[in-house]
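Each chain gets a letter, A, B and so on, in the order its sequence line appears, and its residues count up from 1.
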Amino acid sequence: MKIMTHDKLEELTKKEYKYGFHTDIESDSFGKGLTEDTIRLISEKKKEPEFLLEWRLRAFEHWKTLSEPTWQYVKFKPVDYQDIVYYSAPKSQKDGPKSLDEVDPELRKMFDKLGISLHEQQRLSGVAVDAVVDSVSVATTFKEKLADVGVIFCSFSEAVKHHPELIKKYLGTVVPYTDNFFAALNSAVFSDGSFVYIPKGVRCPMELSTYFRINAAETGQFERTLIVAEEGSYVSYLEGCTAPMRDENQLHAAVVELVALDRAEIKYSTVQNWYPGDENGKGGIYNFVTKRGKCKGFASKISWTQVETGSAITWKYPSVILQGDNSVGEFYSVALTNNCQQADTGTKMIHLGKNTRSTILSKGISAGRGQNAYRGLVKIQKNATGARNYTQCDSLLLGDKCGAHTFPYIEAKNKTAKVEHEATTSKISDAQIFYCKQRGISEEDAVSMIVNGFCKDVFQKLPMEFAVEAQALLGVSLEGAVG
Amino acid sequence: MEKAAMEKALLEIRNLRATVDGKEILKGLNLTVMPGEVHAIMGPNGSGKSTLAHILSGREGYEITGGEILYCGKNLQDLKAEERAREGIFLAFQYPVEIPGVNNMYFLRTAVNAIRAHRGEPELDAMDFLSFAKAKMEKLGMNKNLTSRSVNEGFSGGEKKRNEVFQMSVLEPKLAILDETDSGLDIDALKTVAEGVNALRAPDRSFLVITHYQRLLDYIVPDKVHVLAGGQIVKSGDKSLALELEERGYVWVGNEKVETGEGRAQG
């Protein structure tokens with residue numbers, strides 16, 4: 001089958017990034033560079049308890065012994081870690097807004113522009129939002145309503161202040177600072193993030209959501225999210241992100257930790273749309289993120305769904321440690337790379353408990369000169385009797401300058417394990433495009449329809465509002481790429 | 001007679017020449033289709049039947065090296081494939097294409113709305129479309145589960161062809177081209193497909209039925225039958241021509257062509 005001509009592809013994939021604006025907000029920043037003093041300063045700014053400062057410093061000491069990993073299938077100029085601003089906060093938010101009315105109007109305008117309302121009218125859509133700009137959380141909506149059922153949803157800093165015992169108990173238990181280079185860096189310098197605690201038996205009454213925005217220049221964003229779901233509880237959490245268009249690369253090194261106790265379920269969905277850089281690969285976000293969940297309890301369940309369309313480089317493996325017997329881990333992913341974007345993404349499913357089950361469904365789309373790699377590890381440990389995994393990994397190529405790569409690793413140490421892996425690579429064929437056109441559908445709509453069809457199984461896993469956003473995003477990210 | 005035809009013809013192909021990868025497939029083809037007429041195009045394999053269907057519907061990869069195609073008096077070559085579709089040209093594919101993950105009804109509604117937008121009509125919403133389409137499905141005796149499946153994915157040969165006829169009935173074209181719609185069908189499926197087509201016959205709708213065998217024409221009775229061989233229409237007649245062909249085989253017209261070829265080239 002022939003595929004579409006270069007011109008057509010180019011025309012279709014050239015689409016502008018619509019979140020590339022920058023908002024003029026006075027910010028309170030440190031100078032560039034990273035030393036022990038930087039970390040002490042961050043901790044002091046945030047009036048943190050001693051245990052946290054010590055933890056940060058241990059992480060920093062450890063980080064200094066590490067070097068950047070090189071095994072991933074991406075190419076980039078080395079990051080100069082002394083040339084980054086490690087703390088930047090919108091100035092007017094110094095002491096944090098007491099209520100939404102106190103949120104800086106400029107900030108509000110920025111979020112309005114992003115289509116995110118921080119007002120409580122958000123009630124209508126039933127989503128509570130925590131908004132994080134650069135290094136700090138600027139607003140969390142619906143706090144009171146959630147508090148009624150005992151759900152804690154606040155910025156990480158607030159959690160440190162008001163619930164230090166929970167932070168102390170769970171911080172670093174899923175992703176220890178020794179885990180990897182970027183996790184160690186994050187542990188040392190993280191400035192804010194979101195915290196969620198769902199008490200025993202509570203089904204969180206609304207979707208929780210964090211919206212991340214990098215605004216300041218030359219700033220790294222290092223946020224940390226921790227979600228704890230107690231016995232028999234349920235929560236669905238959404239995460240979205242954008243950044244202004246800048247010529248230099250910006251580093252985003254976040255850590256997300258999830259803990260699910262007996263029969264608890266956590267559903268974590270991400271629509272990642274960091275600035276991908278221009279069509280020649282200039283600028284864009286380096287998205288080096290460690291996300292991991294631990295199914296600690298019996299029959300607990302953690303489900304990751306991600307739609308990755310942004311970032312110059314995406315490097316993340318949302319994983320699940322299946323520790324509790326009968327626990328379930330899921331990973332559903334759509335990753336799109338266009339122009340010069342690179343993605344090395346996938347998951348790790350670590351089966352420790354008996355009868356643990358995991359499902360991996362990965363859809364990679366490459367256009368332009370984009371490179372898209374799936375990397376996955378399915379590990380069945382000795383005691384994981386009756387463990388099962390099903391992996392399906394599909395790649396779709398648009399054009400002939402892009403690439404799709406698959407690196408599946410399977411380690412089974414228990415003879416009863418059942419592990420299945422299926423993979424396909426396909427192209428949008430001329431025949432498909434012509435078929436659509438012959439029915440009156442434009443080429444651009446045809447490509448968008450075919451790509452969305454390819455991703456359908458993953459989109460179905462997203463909460464309703466997000467699914468619509470994801471489809472629209474995919475269309476936008478492909479404009480000028482295909483159809 | 002000639003003059004009247006020019007005024008009213010839906011489709012007028014004059015001395016059409018076309019190549020694929022530098023090889024000439026159509027070598028001066030002439031054909032006039034009036035509104036409401038059903039024309040059958042028959043011919044041996046490789047005679048250019050499918051090429052003709054693809055050229056009329058605007059598929060890329062064919063180069064027109066001579067002649068012209070007028071559709072509703074307009075030069076068809078000026079229109080892109082999707083514009084031709086919106087102007088009422090429909091091709092029932094010989095090999096309908098699978099589009100995984102794209103719901104059959106969603107696909108068809110997108111097509112209907114693209115055509116409606118072209119005509120300046122308002123879009124049909126999902127509910128209106130569904131009731132409109134379901135009425136058509138019942139008429140064609142289509143399986144209801146078609147509404148929940150992806151476009152042609154996992155369809156049997158018969159289901160695919162029936163789906164083409166269903167799409168045709170929903171899109172209500174002015175010129176429907178059936179490219180070997182009978183191929184791969186058993187007799188029951190053939191009958192259903194033919195009934196579907198017959199139900200769509202209308203004074204303002206013309207059909208170009210491309211087929212290798214006479215069998216289909218037992219059920220879709222054509223007004224005219226043409227024999228395409230060597231890139232030209234070498235013989236035209238009424239439905240009895242199809243029967244004669246069936247009896248004598250394409251070798252017969254092949255010989256005929258040698259005798260009459262000279263004269264035709266001038267026409």
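- In this structure, the side chains of I99(B) and C436(A) come closer than 4.5 Å at one or more pairs of heavy atoms.
- Between I441(A) and E82(B), the closest side-chain pair of non-hydrogen atoms is not below 4.5 Å.
- No side-chain heavy atom of N452(A) sits under 4.5 Å from any side-chain heavy atom of Y106(B).
- Per-residue heavy-atom pair counts under 4.5 Å with chain A were compared for T110(B), I115(B), L91(B), N103(B), and the maximum is reached by L91(B).
- Heavy-atom distances place no part of E87(B) under 4.5 Å from chain A, backbone and side chain included.
- Put simply, the side chain of R86(B) reaches to within 4.5 Å of the side chain of S442(A), judged on heavy atoms.
- Within 6.0 Å of CG on D21(B) lie no more than 12 heavy atoms contributed by other residues, nucleotides or ligands.
- Heavy atoms of other residues, nucleotides or ligands lying less than 6.0 angstrom from CZ of R375(A) number more than 12.
- The number of heavy-atom neighbours closer than 6.0 Å to CZ of R109(B), taken from other residues, nucleotides and ligands shown, is above 12.
- For Y390(A), the OH atom sits in a packed shell: over 12 heavy atoms of surrounding residues, nucleotides or ligands are nearer than 6.0 Å.
- For the pair A114(B) and G440(A), the tightest heavy-atom approach, listed with the atom from each and the gap, is CB-O, 3.2 Å.
- Annotation: the span from R59(B) atom CZ to Y435(A) atom OH amounts to 12.5 Å, rounded to 0.5 Å.
- With a threshold of 4.5 angstrom between heavy atoms, V151(B) approaches chain A through side-chain atoms but not through N, CA, C or O.
- If you measure heavy-atom distances from P96(B) to chain A, the contacts under 4.5 Å come from both the backbone and the side chain.
- Side chains of R439(A) and L171(B) form a contact here, defined as non-hydrogen atoms less than 4.5 Å apart.
- The shortest non-hydrogen separation linking F434(A) to S57(B) is CZ-OG, 3.4 Å.
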Just do the salt bridge (charged side-chain N to carboxylate O under 4.0 Å, His left out) check on K437(A) and E83(B) with the steps written out, would you? CA-CA 8 Å; K437(A) 281 161 82 169; E83(B) 292 165 340; over 6 Å; no
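- Under a 3.5 Å cut-off, the side chain of Q438(A) and the backbone N or O of I89(B) do form a donor-acceptor pair.
- Contacts between F454(A) and chain B at a heavy-atom distance below 4.5 Å involve the backbone alone (N, CA, C, O).
- With contacts defined as side-chain heavy-atom distances shorter than 4.5 Å, the pair F107(B)/M449(A) qualifies.
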